[in-house]
Structures are given as C-alpha cells and as structure tokens.
Amino acid sequence: GETEEDFLETCRMVEEVGFSGVHLFPYSRREGTHAAGLAEAVPPHVIAERMTRLAAIADQVQSRWQEGFIGQEVEVLTERTQHEGRPGHTPHGLKVEVAAETTAPNQRWRVLVEGQEEGRVFGSLVQPL
C-alpha cells in the first residue's frame, strides 16, 4: 500500500542520511502473516520501477560517502582474496582494495585511500599496525 509520496519520503531520507550502503528488497506477501491480508498491494511494475529508482539514489549516496575518504589514512583489516587486489575493511565498514602481493589475510594496515571508481575504493599501504 505504499503511496508515491511514501516512496518519495524514503528517497529523501536515504539522501539526507547519506548511508554507507543500502540493502534493498521488494516486499512480497507471505501466507499466514498479517500483511498478507491487507488490501492495496502495489503492482509489480511499480515495485520494479521504484526499486530501480531507489537503487540509483543509494548508489549515488554510497559513492559520495566513499569519496569522503579519498586522501585520508585509514586502518584496514585485510581479507582473503582470489583476485589481484586484496580487499579489507575499515572500522567504518569501508571496503578498500590494496596490493595483494605485499599483504596477507588478517593483517591490519594503515592505508592511504587514493581513489574510487565504479563502487570500488582503492588505496596504498602506508605501514603495518
């Protein structure tokens, strides 16, 4: 039963809060729940269109949040990988890729965040912690 105004309020809130990431999923009826008996279901094509719109907003908000770290030194805990870069996370939840050949999993490093491209954040190692 979400109205267009309800949806626009959600969009405004996501932009205002500036989340680091948003997990989106469409509502689906579940038999035996109170909501399954409610009227005014939103048509599937409207749900799909709203998901697309909100995902675009969430991507822009996340990109702005990531860009705010460029030029900063952050603590990163490295993880396992099977790719060229080694991912790690900061205490803030920012995922940063560093050179895999100079690090191992489960190491803490001071990392200079150098850039962001297509949702990926990358940096260079400064020193182990």
Side-chain angles (χ1 to χ4, degrees):
E2 177 185 60
T3 66
E4 182 65 15
E5 186 53 42
D6 292 336
F7 173 72
L8 292 175
E9 182 59 30
T10 297
C11 294
R12 283 190 291 273
M13 187 263 312
V14 168
E15 289 177 325
E16 183 179 316
V17 171
F19 293 108
S20 60
V22 177
H23 179 77
L24 302 173
F25 57 93
Y27 168 79
S28 59
R29 290 184 181 272
R30 299 284 187 245
E31 288 303 317
T33 65
H34 174 74
L38 297 176
E40 300 183 43
V42 177
H45 74 279
V46 173
I47 292 172
E49 185 265 338
R50 288 178 180 172
M51 289 286 295
T52 300
R53 287 168 50 199
L54 189 53
I57 292 168
D59 287 348
Q60 291 172 350
V61 167
Q62 181 182 40
S63 182
R64 284 194 301 266
W65 180 76
Q66 291 172 334
E67 288 171 356
F69 287 93
I70 295 174
Q72 294 186 33
E73 287 188 12
V74 295
E75 178 184 324
V76 172
L77 176 63
T78 58
E79 301 172 2
R80 293 176 193 236
T81 186
Q82 297 171 358
H83 306 291
E84 286 182 30
R86 180 168 308 283
H89 282 86
T90 70
H92 307 95
L94 178 69
K95 185 175 182 179
V96 181
E97 290 186 27
V98 295
E101 65 273 3
T102 55
T103 61
N106 301 317
Q107 291 182 334
R108 289 176 47 231
W109 281 85
R110 172 91 28 222
V111 171
L112 174 63
V113 179
E114 297 176 319
Q116 180 253 27
E117 186 176 301
E118 297 180 10
R120 292 180 46 241
V121 176
F122 50 91
S124 61
L125 302 170
V126 175
Q127 68 183 40
L129 295 174

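Note: hydrogens, waters and symmetry copies are ignored here, and every other heavy atom, side chains too, is used. These numbers come from a predicted model, not from an experiment.
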Atom of F19, atom of W65 and distance for their closest heavy-atom approach: O-CB, 4.3 Å
According to side chain to side chain donor-acceptor pair (under 3.5 Å), does anything in residues 48-57 pair up with another residue at least two apart or in another chain? List the pairs. E2-R50, E4-R50, E4-R53, E49-R53
What pair of heavy atoms forms the shortest contact from Q62 to G21, and how long is it? NE2-CA, 4.3 Å
Using every non-hydrogen atom in the two residues, find where I47 and P26 come nearest and quote the distance to one decimal. CG2-CB, 3.5 Å
Honestly curious: do F7 and V14 fall in one hydrophobic cluster under the side-chain, below-4.5 Å linking rule? yes
dist T78:OG1 -> N106:CG (nearest 0.5 Å) comes out at 6.0 Å
Which residues satisfy the side chain to side chain donor-acceptor pair (under 3.5 Å) test with Q72, sequence neighbours excluded? none
Residues that, via side-chain heavy atoms closer than 4.5 angstrom, fall in one hydrophobic cluster with V126: L112
Could E9 and R12 be called an ion pair, given the rule that one side-chain N must be under 4.0 Å from one carboxylate O? yes
When rounded to the nearest 0.5 angstrom, what is the spacing between OG1 in T10 and CD in E15? 11.5 Å
Backbone N/O of T3 and side chain of D6: donor-acceptor pair under 3.5 Å: yes
Nearest heavy-atom neighbours spanning L77 and R108: CD1-CG, 3.9 Å
With sequence neighbours left out, write down each residue that passes side chain to side chain donor-acceptor pair (under 3.5 Å) with Q60, or none if nothing qualifies. none
Counting only heavy atoms not in E16, do more than 12 fall under 6.0 Å of its CD? no
side-chain contact (heavy atoms from CB on, under 4.5 Å) partners of L24, counting only residues at least two apart: V22, M51, L54, A55
Within this structure, what is the CD-OG1 distance for the pair E73 and T90, rounded to the nearest 0.5 Å? 13.5 Å
From H89 NE2 over to L94 CG, what is the distance, rounded to the nearest 0.5 angstrom? 8.0 Å
Run E97 and R120 through salt bridge (Lys or Arg N to Asp or Glu O under 4.0 Å) and show every step you take. CA-CA 8 Å; E97 290 186 27; R120 292 180 46 241; 3.1 Å; yes
Do F122 and W109 land in one hydrophobic cluster if side-chain heavy atoms of ILVMFWY residues count as linked below 4.5 Å? no
Minimum heavy-atom distance between V96 and G123, given as atom pair plus value: CG1-N, 3.9 Å
Does a salt bridge link R86 with E79, judged by any charged N lying under 4.0 Å from a carboxylate O? no
Using ring-ring contact (aromatic ring centres under 6.0 Å, His included) as the criterion, list what pairs up with H92, not counting sequence neighbours. F69
Provide the closest heavy-atom pair for L129 versus E75 in the form atom of the first, atom of the second, distance. CD1-CG, 3.4 Å
Answer yes or no: is there a side-chain heavy-atom contact under 4.5 Å between S63 and Q116? yes
